[in-house]
Protein chains: 2
Amino acid sequence: MLTSVDPDVIRVLGDPLRLQIVTLLARETLCTTHLVEETGARQTNLSNHMKVLREAGIVETEPCGRFTYYKLKPEVLAGLSEQFAALADSARTATENKRACP
Amino acid sequence: MLTSVDPDVIRVLGDPLRLQIVTLLARETLCTTHLVEETGARQTNLSNHMKVLREAGIVETEPCGRFTYYKLKPEVLAGLSEQFAALADSARTATENKRACP
DNA sequence: CTCTCACATCATCACCCGCTGATACCAGCG
DNA sequence: CGCTGGTATCAGCGGGTGATGATGTGAGAG
């Protein structure tokens, strides 16, 4: 399969702050306040990034009183892992598949 | 390990054109001319992206006469795959690790 | 030797994107 | 209820980034 990885998800994870958020969320479920403390970013900035992550389907929200908890969707990361593994696998055999010079 | 994935590599792969290039190179080793044909992008544009991919350590160049062949470095993709797998694994158990509301 | 082609580099421009401040919304609590 | 605090949304600004054209370099053909 010519499974090209979904560029959107990768682009979303390409931002350093968002990647930090994802790394934090991979350890524990956190709410916005915690993320503000951990990252040092402004709340409004965080909220923006969380929206991006939400729309990319990487995180889920879970309201708890007036707090909003975020947790990762492991299957998305697992999917990425698989797709990269497939690319790596394909790349290993591609070294010999050299198209002729024109 | 709190192996946060390298943001640089991911950001490089976040660009749709570069991801297309990587997908193509995962199938066969190609030179710039082939990539121009396949992607429809300008040569100078391609060369820019190839430079980015080269500096990110994702591809290797192999001169062949006056042509330059590019091939992927599978270990980079494999590393990404592992790191995402680790994140996904960690995320699966993180759902219960909910930090208390402040 | 010279000319041509493949490729890389440089400088420039325009545009997208993330950061910021202001503001609206919603849930508890008194 | 009204107030307070946590969160989301919106408009605007500035910097980073990708696309483009001109130019340089090096290898092979004639």
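At a threshold of 4.0 Å, the pair A/D8-A/R11 does not count as salt-bridged, since none of the basic side-chain nitrogens sits closer than that to a carboxylate oxygen.
Residue A/F67 contributes atom CZ, which lies 10 Å from atom C1' of C/dG28 at whole-angstrom precision. Taking atom CG of residue A/L53 and atom C1' of nucleotide C/dG18, one finds them 13 Å apart after rounding to whole Å. Taking atom CD of A/E37 as the reference point, atom P of D/dT7 lies 10 Å away to the nearest angstrom. The distance between atom CG of B/L30 and atom C1' of C/dA6, rounded to the nearest whole Å, is 15 Å. The distance between atom CE of B/M50 and atom P of C/dC7, rounded to the nearest whole Å, is 11 Å.
Residue pairs satisfying the side-chain hydrogen bond (donor to acceptor under 3.5 Å, both in side chains) criterion with at least one member in residues 54-67 of chain A, sequence neighbours excluded, are listed as follows: A/E62-B/K98.
Counting heavy atoms from C-beta on, the side chains of B/L80 and B/L13 come closer than 4.5 Å. Looking at heavy atoms from C-beta onward, A/Y69 lies in side-chain contact with A/H34 at the 4.5 angstrom threshold.
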Could you go over nucleotides 27-30 of chain D and give all protein N or O partners under 3.5 Å, atom names and distances?
none

Nucleic acid footprint by protein, nucleotides 10-23 of chain D - heavy-atom cut-off 4.0 Å, B for base, S for sugar-phosphate alone: B-------SSBBB-
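The residue B/T32 sits close only to the backbone: its heavy atoms come under 4.0 Å of sugar-phosphate atoms, none of a base. Among the atoms of the strands shown, base atoms are found under 4.0 Å from some heavy atom of A/S47.
Side-chain nitrogen and oxygen atoms of B/Y70 include at least one within less than 4.0 Å of the OP1 or OP2 phosphate oxygen of C/dA8.
To the nearest 0.5 Å, atom NZ of residue B/K71 and atom CZ of residue A/R92 are 13.5 Å apart.
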Quiz: residues 35-49 of chain A side-chain donor-acceptor pairs under 3.5 angstrom, not counting sequence neighbours:
unit_1	atom_1	unit_2	atom_2	d
A/E38	OE2	B/R99	NH1	3.3
A/E38	OE2	B/R99	NH2	3.1
A/T39	OG1	A/L35	O	2.7
A/T39	OG1	A/A41	N	3.3
A/N45	OD1	A/H49	NE2	3.3
A/H49	ND1	A/R18	NH1	3.2

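A/T23 contributes a side-chain N or O that, together with a main-chain N or O of A/L19, makes up a donor-acceptor pair within less than 3.5 Å.
Partners of A/T29 according to the side-chain hydrogen bond (donor to acceptor under 3.5 Å, both in side chains) rule, which considers only residues two or more places apart in sequence or in another chain, do not exist here. For the ring-ring contact (aromatic ring centres under 6.0 Å, His included) test, residues two or more places apart in sequence or in another chain that qualify with B/F84 are A/F84.
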